[in-house]
Amino acid sequence: MKVLCVAEKNSIAKAVANHLGGGNVPARDVQGCRFVKNYDFEFNFPLWGNCQVTMTAVTGHLHSNDFPGNYRGWRNCDPVDLFDAPIEQYVSDDKKAIERNIERQAKYASYLFIWTDCDREGEHIGTEIRKAAWQGNARLKEPGKVVRARFSNIERTHILNAARNPVMLDEAQADAVASRIELDLRIGASFTRNLSLFAQPILRERGFGDEKQIVSYGSCQFPTLGFVVERYFRVRNFVPEDFWTIRIMHEKDNIRTNFIWARRHLFDRMSVVILFERCLVARTARVTKVQTKPTSKWKPLPLTTVELQKCGSRFLRLSSDRVMQVAEQLYQKGWISYPRTETDQFDKVMNLQPLVQKQTQGGPWAAFAQGLVNGGFSQPRNGRNNDKAHPPIHPVNFVNPSALTNEEQRVHEFVVRRFLACCSEDAKGSKTEVSIAYGSEAFNASGLMVLERNYLDVYPYDKWTSSQQLPEFTESEVFEPAEAKIHGGQTSPPSYLTEPELIGLMDANGIGTDATMAEHIAKIKERSYVVARPRGRQPRQEGEEGSDDGASPERASNSGRGGRGRGRGRGRGRGGRGAANASSNNNNNNNASSSGATSGVQEFIPTTLGMALIEGYDNMGFEISLAKPFLRKEMELRMKAICEGKKTKQEVVQESIDQYRSVYLQSQRRLDALRNVSCVCLDRSSEMLTCERPFGNTSSLKSFQRHDSLIWPNNILLAFQNCKINTKNYCMGSTQSRNHH
DNA sequence: GCAAGGTC
């Protein structure tokens with residue numbers, strides 16, 4: 001009896017073949033494909049007995065989808081026709097050899113055993129493999145002849161178990177993917193052609209963009225752009241707000257201690273003055289609490305793709321798509337595990353110690369790794385995510401860094417250090433808190449002493465350092481503060497969206513997958529919807545705060561580029577996907593100096609084109625807004641409904657197509673109106689643009705009255721006549737500051 | 001020349 005096994009990629013085929021074949025199974029080249037090999041061995045399946053097995057693979061999806069030839073020319077049809085045009089499924093030329101290989105190997109097979117990843121896309125790829133096998137051997141169409149393996153890692157026992165317990169392909173999941181493919185194609189192609197053919201010329205007439213510029217719409221790239229634009233307007237429309245705080249300083253044992261007001265700050269000066277006077281009247285402060293307790297800074301979670309990309313931007317100064325390219329190379333060369341994973345848990349049965357052992361051979365982390373081998377090892381923490389297909393990213397072999405390119409070295413070093421950090425103990429410290437009552441008010445001071453650095457020694461990307469020691473205070477001690485004063489400050493705007501923040505937002509809102517998020521970001525750059533620049537230059541706000549001294553100012557007021565000091569360190573522990581906020585790190589402790597190496601991080605500014613696209617669609621008043629992330633979520637919910645058997649593929653596709661076609665037709669009507677729009681472009685040579693009456697419609701200037709001068713990123717001002725910028729939507733600054741209470 | 005999803 002012969003069994004044909006087919007995996008989603010060669011690395012899985014190889015690993016499975018070696019497990020089932022009991023050792024090093026030789027690889028046979030397949031003519032015409034570089035990345036696919038065939039592996040022959042014998043295996044005893046419980047149901048089928050001892051079988052001749054051929055194990056091979058595809059390279060992701062086998063099929064492509066496109067419209068027939070007469071619809072391919074952009075001017076051959078009205079783009080609206082693409083909502084119901086036929087769609088052809090075919091195997092592209094570069095995959096023909098893979099298809100032929102499956103047909104040929106299936107010829108004498110009694111069973112087809114599919115080993116694609118256990119996710120929705122994997123289920124669909126399974127049906128593509130099945131089709132190829134059926135072309136080669138129609139007997140495989142008989143019931144029970146096609147099965148698939150359920151597996152979530154490539155540990156030997158797990159794989160053996162999967163081989164002995166095959167299940168059926170999940171047709172519903174495959175259908176969900178089929179509808180995703182169809183909708184993305186129809187909606188993407190129709191809107192992209194519409195924008196490029198009809199909107200772009202209007203822009204070009206007014207001097208924006210060149211003839212060949214594609215203006216694209218995609219269900220992922222548009223919300224990605226939307227995040228950048230939303231933040232841009234939040235920064236632009238930010239109105240600084242005055243606040244006041246009370247600062248207490250006391251000097252004891254020659255140590256100056258600054259106490260922070262328990263109320264942080266208030267936005268009403270009179271109230272602060274009254275409270276301050278009560279303090280002065282009381283004259284003395286009394287120590288109400290002195291507490292020293294152990295604290296720790298948790299080691300990082302096992303590395304996912306999203307986290308790798310965020311850290312790449314933050315610590316390695318590499319853009320997310322570059323990090324992925326480099327990680328892919330490291331994976332290809334066999335130094336690190338598969339780089340596209342959502343999993344932040346190591347399977348309990350996975351033996352990590354040998355992997356640590358390998359890192360003792362060299363590199364600046366060798367001694368640390370040796371320490372782990374000698375008893376310092378600690379089982380990694382478990383995150384909340386498990387894609388059931390891949391383990392967290394980790395080094396699988398030792399490589400001498402000098403054998404790598406510079407970029408490879410940086411990414412590889414990060415992966416190794418992260419892994420070793422995961423296998424270490426948390427950092428331990430001792431935290432002292434002193435509280436005082438002064439008049440009616442409470443004030444706090446705290447000090448940190450780091451006792452055991454542990455994982456921090458191998459993971460320089462986290463910072464946790466001792467603060468100055470507090471002098472000895474005792475409970476009920478009474479003293480007269482050396483200094484008490486009111487300090488005024490102003491809230492400052494948030495910064496433009498950085499790449500790690502954008503990735504966090506995409507992740508939280510389900511925009512793209514671990515493998516594609518970086519591509520979507522790269523795409524909106526390529527399409528000139530946004531520009532990326534190193535963070536640092538901050539828009540000037542009128543009357544930005546001038547701190548009167550350097551002593552521990554409020555975070556909300558001290559930074560030209562942060563302004564969200566207290567929002568940091570919320571941690572990865574978001575309640576599943578769906579939170580609209582990006583988290584920045586996963587530490588349980590945010591009172592010490594936070595990660596500092598952010599100077600090289602990129603931030604994104606929308607171009608005029610990017611803003612016009614988002615604002616244009618946002619302001620058309622449709623029941624669905626193409627730029628908002630929940631549209632993608634809705635598609636996700638519909639796919640889920642297919643998976644659960646609540647809806648059919650046809651229902652979902654029809655429903656969505658009708659919805660999008662309606663939006664398409666409405667926007668087409670608006671586009672016609674756009675041709676008559678007045679549009680003013682001032683001083684294209686300088687970055688500074690004075691907006692006098694550029695919108696043709698003065699009411700649309702409302703939200704900009706505070707800032708008569710706007711800096712436009714690419715010297716262009718474009719305005720849609722009907723494009724109102726809604727202050728309510730974007731002026732978030734003051735609300736945010738008040739959240740500090 | 002369009003999308004997003006796999007993978008190399």
Side-chain angles (χ1 to χ4, degrees), chain A residues 7-13 33-37 57-67 71-77 79 81-83 85 87 91-92 94-95 97-98 116-117 119-129 173-174 176-200 210-224 305 324-325 327-334 338-340 387 389-390 506 510-524 526-527 626 631-632 635-636 639 656 660:
Chain A
E8 188 165 320
K9 47 188 163 268
N10 184 61
S11 62
I12 296 289
C33 7
R34 266 179 70 198
F35 303 105
V36 167
K37 304 268 184 281
V58 288
T59 52
H61 285 285
L62 200 53
H63 293 156
S64 300
N65 290 270
D66 208 347
F67 302 105
Y71 288 90
R72 293 209 189 151
W74 283 32
R75 296 188 182 273
N76 284 0
C77 68
D81 295 343
L82 300 178
F83 284 113
I87 290 178
V91 175
S92 64
D94 57 331
K95 305 236 164 154
I98 298 171
T116 49
D117 291 354
D119 51 25
R120 272 198 310 235
E121 297 292 332
E123 227 60 38
H124 189 270
I125 293 168
T127 65
E128 299 174 43
I129 292 166
Q173 287 198 55
V177 171
S179 66
R180 195 242 345 125
I181 290 171
E182 180 173 347
L183 288 172
D184 280 337
L185 176 62
R186 291 191 187 282
I187 297 164
S190 56
F191 274 90
T192 299
R193 289 189 195 181
N194 177 271
L195 283 166
S196 301
L197 293 176
F198 307 136
Q200 205 273 335
D210 57 58
E211 200 153 350
K212 293 204 184 85
Q213 183 162 15
I214 294 171
V215 185
S216 58
Y217 174 82
S219 60
C220 288
Q221 48 178 274
F222 238 61
T224 304
T305 303
M324 287 310 292
Q325 285 166 7
E328 178 67 31
Q329 289 161 19
L330 292 169
Y331 163 67
Q332 295 291 339
K333 294 178 184 171
Y338 192 66
R340 290 179 281 275
D387 62 16
H390 309 282
M506 294 172 74
I511 307 298
T513 67
D514 49 9
T516 60
M517 267 184 255
E519 291 171 23
H520 299 313
I521 296 174
K523 178 136 298 173
I524 63 172
E526 179 195 322
R527 293 272 190 264
L626 294 183
L631 252 198
R632 180 78 207 179
M635 191 187 282
E636 193 64 29
M639 285 171 67
S656 309
Y660 277 88

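Below, chains carry the letters A, B, ... as their sequence lines are ordered, and counting in each starts from 1.
In this entry the distance linking NZ of Lys37(A) with P of dT7(B) reads 18 Å, nearest Å. Atom CG of Asn194(A) is separated from atom C1' of dG1(B) by 15 Å (rounded to the nearest Å). Regarding Arg340(A), its CZ atom lies at a distance of 13 Å from the P atom of dG5(B), rounded to whole Å. Atom CD of Glu123(A) is separated from atom C1' of dG5(B) by 15 Å (rounded to the nearest Å). At whole-Å resolution of the value, CG in Leu82(A) and P in dG1(B) are 15 Å apart. Between the CG atom of Leu185(A) and the C1' atom of dC2(B) there is a distance of 8 Å, rounded to whole Å. Rounded to whole Å, atom P of dA3(B) lies 13 Å from atom CD1 of Ile524(A). The nearest whole Å value for the distance from the CZ atom in Phe35(A) to the P atom in dC8(B) is 8 Å.
Between Thr516(A) and dG6(B), a side-chain N or O to OP1/OP2 separation shorter than 4.0 Å is absent. The side chain of His520(A) places no N or O atom within less than 4.0 Å of a non-bridging phosphate oxygen (OP1 or OP2) of dA3(B).
Minimum atom distance to the side chain of Ser216(A) is reached by dC2(B), of the listed dG5(B), dC2(B), dC8(B). When distances are taken from the side chain of Glu328(A) to each of dC8(B), dC2(B), dG5(B), the shortest belongs to dC8(B). Of the candidates dC8(B), dG5(B), dC2(B), dC8(B) carries the atom nearest the Gln332(A) side chain, counting heavy atoms from C-beta on. Nearest to the side-chain atoms of Tyr338(A) among the listed nucleotides dC8(B), dA4(B), dT7(B) stands dT7(B). Considering only side-chain atoms of Arg193(A), the nucleotide from dT7(B), dG6(B), dC2(B) that sits closest is dC2(B).
For Lys523(A), the salt bridge (Lys or Arg N to Asp or Glu O under 4.0 Å) test picks out no residue, with sequence neighbours left out.
Ring pair Phe83(A)/Tyr660(A): centre-to-centre distance not below 6.0 Å.
Within 6.0 Å of CZ on Arg34(A) lie no more than 12 heavy atoms contributed by other residues, nucleotides or ligands.
A donor N or O paired with an acceptor N or O is found under 3.5 Å between the base of dC2(B) and the side-chain atoms of Asp66(A).
Residue contacts shown for His124(A) are absent, as no nucleic acid heavy atom lies under 4.0 Å away. Residue Arg72(A) is classed as having no contact, given no heavy-atom separation below 4.0 Å to the nucleic acid. If you check every strand for non-hydrogen atoms under 4.0 Å, Ser219(A) touches sugar and phosphate atoms only. Tyr331(A) comes within 4.0 angstrom of the backbone, heavy atoms only, and of no base. Residue contacts for Phe191(A): at a heavy-atom cut-off of 4.0 Å it reaches no nucleic acid atom on any strand shown. Here Asn65(A) lies in heavy-atom contact (under 4.0 Å) with a base. As judged by a 4.0 angstrom heavy-atom cut-off over every strand, Arg527(A) is placed among residues touching the sugar-phosphate backbone only. Within the 4.0 angstrom heavy-atom criterion, only backbone atoms of the sugar-phosphate kind lie near Thr192(A); the bases stay farther away.
Judged by closest nucleotide on DNA chain B, Ala189(A) is the one of Ala189(A) and Asp119(A) placed further toward the 5' end. Judged by closest nucleotide on DNA chain B, Lys523(A) is the one of Lys523(A) and Ile98(A) placed further toward the 5' end.
The salt bridge (charged side-chain N to carboxylate O under 4.0 Å, His left out) contacts involving residues 186-198 of chain A comprise Glu182(A)-Arg186(A), where partners must be two or more places apart or lie in separate chains.
Remark: ring of Trp74(A) overlaps the six-membered base ring of dG1(B) in a stacked fashion, centroids less than 5.5 Å apart, planes less than 30° apart.
With no hydrogens or angles considered, no side-chain donor-acceptor pair links Gln325(A) and Gln329(A) at under 3.5 Å.
The aromatic rings of Tyr217(A) and Phe191(A) are tilted relative to each other, their planes meeting at an angle between 30° and 60°.
With salt bridges taken as basic N to acidic carboxylate O contacts below 4.0 Å, one links Glu636(A) and Arg120(A).
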